[in-house]
A.B. asks: 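Let me give you the structure first, and then I'll get to my questions.
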Amino acid sequence: MTALLETGKLCKRFGGVVALDELDMAVARNEILGLIGPNGSGKTTFFNVVTGIYSTDAGRVRFDGADITNAAARAVYRAGIFRTFQRSRLSLPLSIFDNIMIGDHKRLDQRLWFNLMRRRAFKREFEQACGRARALIEVFEPALAERMFEPVAGLPMIDRRRIEICRALISEPKLLLLDEPSAGMTHDETAELMNDIFLVRERNKNLTIVIVEHEMGVIERITDRCVVLNFGRKIAEGRYRDVAADAQVQEAYLGVA
Amino acid sequence: MIDKSGAALWPGLAVVTIATGYLIALLAAERETVIIALLILGIVAVAAAARLKLLDAVHGSFARHEDTLGRFAIVAALAVAAFFHDDHFVMLLLTTVLLYSVATLGLNIQIGYAGVLNFAGASFFGIGAYTSAVLNAQTALPHLLVIAIGGLLAALIGSVLLLPVLRTRGHYAAVVTIAFALLFRTFLEVNDVFGGPQGMQVKGMTMLGWSFNDNIEIGGVTLSLYMNYFVVSLLLLIGVFVLTQRLERSWIGLNLDALRLDETAAACFGLDIARWKTAAFVVGNFLIGVAGALFAMVGGFVAPNNYTFEDSLILVSILLLGGIGNPWGVVVAAVIVVVLPEKLQAIAEYRFLLYALMVIAMLLFRPSGLLPRSVRRYFPGQPS
């Protein structure tokens, strides 16, 4: 079976710094792939290049049979890739419902006439959207479903992460890129969030996930396979237990001379 | 879940009634001391109401019964007009309030929703105004069409700014619009076609043979000629107000909020940033141009001095004072900003100083405006 996401000799430089160095990656369908490596090894850059925030300097990106090298961010979204950000990027003054529905852009009718003049039809679409958002958020935290039209500004970090994941899942993407979902959370909160991600997987076996994470416990628990980066190069690949024992990986992390 | 305790209709009705009565008293007052006493009374009353949590009840009332209260506000506006039906000065003032509200609602779509700063509002207002002046003098086009052309020209000329506005963000885009405002005024002053610094006369509006510049006689009662313009402006404001609200309460409103708050994230969620910014900028300029075209016919005169950078700042200060993103706030702030200097002749000279102080005080003590925008409700009475 062909890979869902595949990169060939992907390069990205920032001036003299080589962030991605001829990176060959393949993400198989329906797997959970952990992307690990020390700070500055190119993990987030990889996400940014794939999702069209940065342009590539060389190399190709293929997704689901199509070439998406240097595609615009919105085209990548339409192709079925959704990402979360390292820093929480919810729109704080907006309601929980609004924040989730931003993620469903491609399914909502964006025509001016429909939005302004056909309010009855709009109301029907709005009610369907409410149903979808409610059904999704109830999986994670039923209490949040009761507060859908309150601003997210007052919510704790764990709930914000949940909303971000709902925002990512509402459009039913084929590939989910999670950038350090545990950042800024306590140990217990992280554990809860991981249960949530497992829940997501149980509900939708067709979802492929790439996760960047520094909590190795998380990586060990949920990933099928890991890729280790260092200075923009892949230095190891395989099951977590195997790569953790790899001498090169230990050197990259611990700086053994 | 839907009916919260504070969501009765009467607090809203009471506030609109009291505000109407207050406005009539303020407009009717002639003596400086009476006016100042009324102003102090108004400020104290609002502060007291805020202290006693009465404003929350009003807020709930508007959230639940917005349609009813909107209709009631229209009746209230007509009542004010009826009270001053033969007073040219007050009717002109009220018409000015309505048209400034329309223009600021246009600005609100740009700044309040899309986050595209526009400090050239008065220039686009001026483009509409000069369109009226030229077309009414040179052609026999129906005046409603002239007003629409005024809006279209403002939108079209505004498109020149699109490239720099889309390529820059935040303050840098604002500087581009400031440059445009300064250029626009100079352009008018040096062009004799447009009357140079002296400006031009504008022919009054006629519609289906009805001249708006004549007083109206109905059964022995004389109505000010400005009543014509007041009614047309009120209809325009109602239309623009309703459309603004629908825009905010739609997926488009959601898109605009998303791109204003986080452009990069919005792009990752599939939004075409350039398209939505363009749409907001063009539509906003169109509305400002329409207001300007009609206002020129009301005033009967256009000159470069009426469309300066300072006048753009007045529009922005109405937006800041009222509460960015809330159309109700825009209308309330337009009343304050337009009426206050006219009633207090002593401070008219210092009105820019007054505006500046008001804006600074707002930003310090109530940064989201007199009537802050609340979380989006797609439909009135939607559970929250």
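Each chain gets a letter, A, B and so on, in the order its sequence line appears, and its residues count up from 1. None of these values were measured; they are calculated from a predicted model.
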A.B. asks: Is it true that the NZ or CZ of A/R74 lies under 6.0 Å from the centre of A/Y77's six-membered ring and within 45 degrees of the ring axis?
C.D. replies: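 No - A/R74 does not lie over the ring of A/Y77 by the 6.0 Å and 45° rule.
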A.B. asks: Which class fits the ring pair B/W251 and A/F126: parallel under 30°, tilted 30 to 60°, perpendicular over 60°?
C.D. replies: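 B/W251 and A/F126: tilted rings.
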A.B. asks: Between B/F269 and A/F85, how do the two ring planes meet: parallel, tilted or perpendicular, split at 30° and 60°?
C.D. replies: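 Perpendicular, since the angle between the ring planes exceeds 60°.
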A.B. asks: What residue, out of B/R260, B/R373, B/R249, has the most heavy-atom pairs lying under 4.5 Å from chain A?
C.D. replies: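 Looking at each of B/R260, B/R373, B/R249 in turn, B/R249 comes out on top.
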A.B. asks: Quick one about A/S55 and A/N70 (side-chain donor to acceptor, distance below 3.5 Å, no hydrogens or angles considered), yes or no?
C.D. replies: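 A/N70 vs A/S55: no donor-acceptor pair found between side chains.
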A.B. asks: Using a strict 4.0 Å threshold on nitrogen-to-oxygen distance, state whether A/R161 and A/E189 make a salt bridge.
C.D. replies: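 So A/R161 does not pair with A/E189 through a salt bridge.
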A.B. asks: For A/I53, is it the side chain, the backbone, both or neither that has a heavy atom under 4.5 Å from a heavy atom of chain B?
C.D. replies: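 Side chain only.
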A.B. asks: Is it the side chain or the backbone of A/A129 that comes within 4.5 Å of chain B heavy atoms, both, or neither?
C.D. replies: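 When you check distances to chain B, only side chain atoms of A/A129 fall under 4.5 Å.
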A.B. asks: Among B/T264, B/D272, B/I273, B/V242, single out the residue with the greatest number of heavy-atom pairs under 4.5 Å to chain A.
C.D. replies: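 Sorted descending by pairs with chain A, the first entry is B/D272.
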A.B. asks: Counting heavy-atom pairs under 4.5 Å to chain B, which of A/R167, A/K106, A/M117 comes out on top?
C.D. replies: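 Greatest number of close heavy-atom pairs with chain B: A/R167.
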A.B. asks: Could you tell me if A/K12 sits above the aromatic ring of A/F14, with its cationic atom closer than 6.0 Å to the ring centre and no more than 45 degrees from the axis?
C.D. replies: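 Yes, A/K12 lies over the aromatic ring of A/F14.
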A.B. asks: Does any heavy atom of chain B fall under 4.5 Å from the side chain of A/L92, the backbone, both, or neither of them?
C.D. replies: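 Neither the backbone nor the side chain of A/L92 comes within 4.5 Å of chain B.
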A.B. asks: Relative to chain B, which of A/Q110, A/R78, A/R147 shows the most heavy atom pairs under 4.5 Å?
C.D. replies: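 Most heavy-atom pairs under 4.5 Å with chain B: A/Q110.
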